[in-house]
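Scroll down for the structure; my scribbles are underneath it.
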Amino acid sequence: MLMEETGGTSRAISADSLLDAAEQAFLRAEFDVVRPLLQRLRTEFGAPDAFPAAVRYDALLGALAGRAGNWPEAVRRCPDEPARAKTGVVHSLAVSALRELAREGRHTDTGVAAIVVVLWAYLLHEEDRGDFRALLTERRGATVPDALWEQGLGQLRGRVADLLHALDVRAGRDVLSAWSTAWEAECKDDTVIFADVPTDAGPHALISLEEAAWYLVDYRRGTDFLAAYGARHPEADGWPAAVPGHDALTAPLARAIANRGRELVLAGEWSEALAELDAAVWLGHTLVADERAAVREAGKNIGRSRTGHGDSPAVRIAGLEQAHRLLPGDATLAAELTAVLVAEGQRRAFSDPARSRSRFVRALEVTAGDPGARAGLDRHLRADLLKILDGTYTGGELSVDEVLDLLARQPDCSEAQSWLGDHYRDQAVAAAARGCRDEALSAVRESLRYGEPPWSHGGPGVDELLSDLLVVAARRSDSGTRADLERRVELLHTASAVTPQHPDFFGEDLETALLDLAEHLETTGTPTDVIELFLRDRMPIGVSARFDQIVEAAYRDRARTRERAGDPGGALRDHACAKRVGAGLPAQGFLFGPGPAPRRPRRAPDEQDTLF
């Protein structure tokens, strides 16, 4: 839209020409002319809303507001990206903001700090995007030499940086929330979005914690970042997982820690370096090539001295374990860790067998089938087998599979053969006691593969050998407790059942065992315990007078107890059972010839089963 100028000339005016005139008046310091021109622009054409006119228009109004001390208006008008605005206008606003920020009592005005950060970073950018050098050349009336230009830029950057740093120190801000950090980041990466900065916010609004952290890490200020983060979160149990900003800072935090770990490798601090790299991986960092090389270097040297004196196997193993966790697929680290574990296992074989064994086990976990580790464990296993056979072993139960594996590797190992023979014989006895005859016979056959027991002669059959094993086991159950007496009876009964063709082989032993158990129950148990033993039908009536007496007395005792409890029917049944047992007692005169005929005319074979 064009209009005729006043004064009778024919030259047409436009919004752009009014904006140009206002900018030129501002640069000539004719400030009383600038506002009328901008007012006419608004009145006749409306405030510009398109780029770049809107940027130029806001920059002019912001510069005027800054000169007048109206900083809320200056902050509101300051453009995000001042490109295409007149450099002199931008410079004027930047100088005014810097002076205002330096004034005592105004350094907390975040809006002013944002203007200083954004505009001075724009003016002093290395690429001179705002054509600041041309402005200085125009004002000087001569070209600015390169050396002078660089010197001037450095001085200006220094003044801005010093002011912002001084204000940060005064306010106690760390590098993660400092205006100076925002200034440095803006100079490098244009990170501040001015339109998003509220005028009443703190320095964190200029640049987020994550952006500040990444800037510090990317420009080798990771140490400052870690110091600030550590001061914010001094938790003794590691990096916190649920604190404000933690998630956003995890990635740069991990990168900074990894960088510090790499630097510690260069300094020869191997343990500390591995700890840092491990922490970085724990935080989710993926090691890159030079960090993986640092892990290998630390693993190669940790726990070692230059002369070989004072080497620490424990430190070396711990460090190699850490390096192996960081690089689980690295064959060199795995081989080195395995070798160190085997050497330590061999060194402690006699002084600390438990630790020696654990070193060999770990070596096999790292390198499956390692011959040194396998041989070391085999030596320990053979020593355990010898102790078991000698009766001096105090460790845990051995695994059948590991003994079988040992015998497969060393077929002539007599300790393994003897142990396996004993193991399968014990299995046979246990299975027979449970009533699992087939399982017991199978275990006997397995035991025969490793040699017959020393008490067998003439190569007995499997049944006879099982009976022998049961009898021997029964004879060992002699502690006098009820459980052992019960087990002794069951083992002997099972032995007689295994070889029914020879019922008298174990009859006397079984009768003795039953009588011992009955007498034990008579003194320590109840009448019902004795009666239940009798009803198992392990010994017929009339075989042992003493056994029959104990059973008869038990029935009579229980009958009296039932009478007192008001159970006459039960008492009568118990009295009847007692009479029937008593009727089967043989005469007391066997030493002088046959005894008298039994008091009952006939004793049916199944009477004991039908007492109830």
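What's counted below: heavy atoms across the whole structure, side chains too, no hydrogens, waters or symmetry copies.
Remark: Glu321 engages Arg362 in a salt bridge, criterion side-chain N to carboxylate O under 4.0 Å. Taking a cutoff of 4.0 Å between a charged side-chain nitrogen and a carboxylate oxygen, Arg316 and Glu336 qualify as a salt bridge. Note on Arg221 versus Asp224: salt bridge recorded, some NZ/NE/NH1/NH2 to OD/OE distance being below 4.0 Å. A salt bridge links Arg103 with Glu100: the distance from a Lys NZ or Arg NE/NH1/NH2 to an Asp or Glu carboxylate oxygen falls below 4.0 Å. Salt bridge absent: Asp405 and Arg374 never bring a charged side-chain N and a carboxylate O closer than 4.0 Å. By the 4.0 Å N-to-carboxylate-O rule, Asp20 lies close enough to Arg56 to be salt-bridged with it. A salt bridge between Glu344 and Arg355 is absent, with no side-chain N of the basic residue lying under 4.0 Å from a carboxylate O of the acidic one.
Pairing each heavy atom of Arg292 with each of Leu287, the nearest pair is NH1-O, 2.8 Å. Shown here for Ser271 and Val315, the closest heavy-atom pair between the two residues is OG-CG1, 4.1 Å. Considering every non-hydrogen atom in both Leu60 and Ala22, the closest pair reads CD1-CB, 3.9 Å. Closest approach of Ser96 to Arg67, counting heavy atoms only: OG-CG, 4.4 Å. Nearest approach of Ala363 to Ala373, heavy atoms of both residues: CB-CB, 3.7 Å.
Asn301 places a side-chain N or O within 3.5 Å of a backbone atom of Glu297 that can act as its donor or acceptor partner. One N or O on the side chain of Asp168 and one on the backbone of Ser180 form a donor-acceptor pair closer than 3.5 Å. Here the side chain of Asp278 pairs no donor or acceptor atom with the backbone of Val281 at under 3.5 angstrom. In this structure, Ser92 contributes its side chain and Gly88 its backbone to no donor-acceptor pair below 3.5 Å. For Thr367 (side chain) and Thr338 (main-chain N/O), no donor-acceptor pair under 3.5 Å exists by modelled atom type. When atom types are taken as modelled, the side chain of Arg133 and the backbone of Trp149 share no donor-acceptor pair closer than 3.5 angstrom. A side-chain donor-acceptor contact under 3.5 Å links Glu402 to the backbone of Ser399. With hydrogens and angles disregarded, a donor-acceptor distance shorter than 3.5 Å links the side chain of Arg157 to the backbone of Leu124. A distance-only check finds no donor-acceptor pair linking the side chain of Trp270 to the backbone of Gly303 [under 3.5 Å]. In this structure, the side chain of Asp370 does not engage the main chain of Leu364 through any donor-acceptor pair within 3.5 Å.
One distance of note links CG of Leu333 with CG of Leu326; it measures 9.0 Å at 0.5 Å rounding. Within the model, atoms CG of Leu38 and CG of Leu18 stand 9.0 Å from one another, a figure rounded to the nearest 0.5 Å. The structure places CZ of Phe360 at 5.5 Å from CZ of Arg379, a figure rounded to the nearest 0.5 Å. The distance from atom CG of Leu264 to atom CD1 of Ile257, rounded to the nearest 0.5 Å, is 11.5 Å. Atom CG in Leu119 sits 4.0 Å away from atom SG in Cys78 (nearest 0.5 Å). Taking OH of Tyr57 as the start and CG of Leu41 as the end, the distance is 6.5 Å to the nearest 0.5 Å.
Listed by chain and residue number, Tyr219 satisfy the ring pair (Phe, Tyr, Trp, His ring centres under 6.0 Å) test with Tyr215 (two or more places apart in sequence, or in another chain). By the side-chain contact (heavy atoms from CB on, under 4.5 Å) test, Arg139 pairs with His91, Leu135, sequence neighbours left out.
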Take Glu184 and Lys188, measure what salt bridge (Lys or Arg N to Asp or Glu O under 4.0 Å) needs, and give me the verdict at the end.
-> CA-CA 6 Å; Glu184 293 166 4; Lys188 296 290 184 182; over 6 Å; no

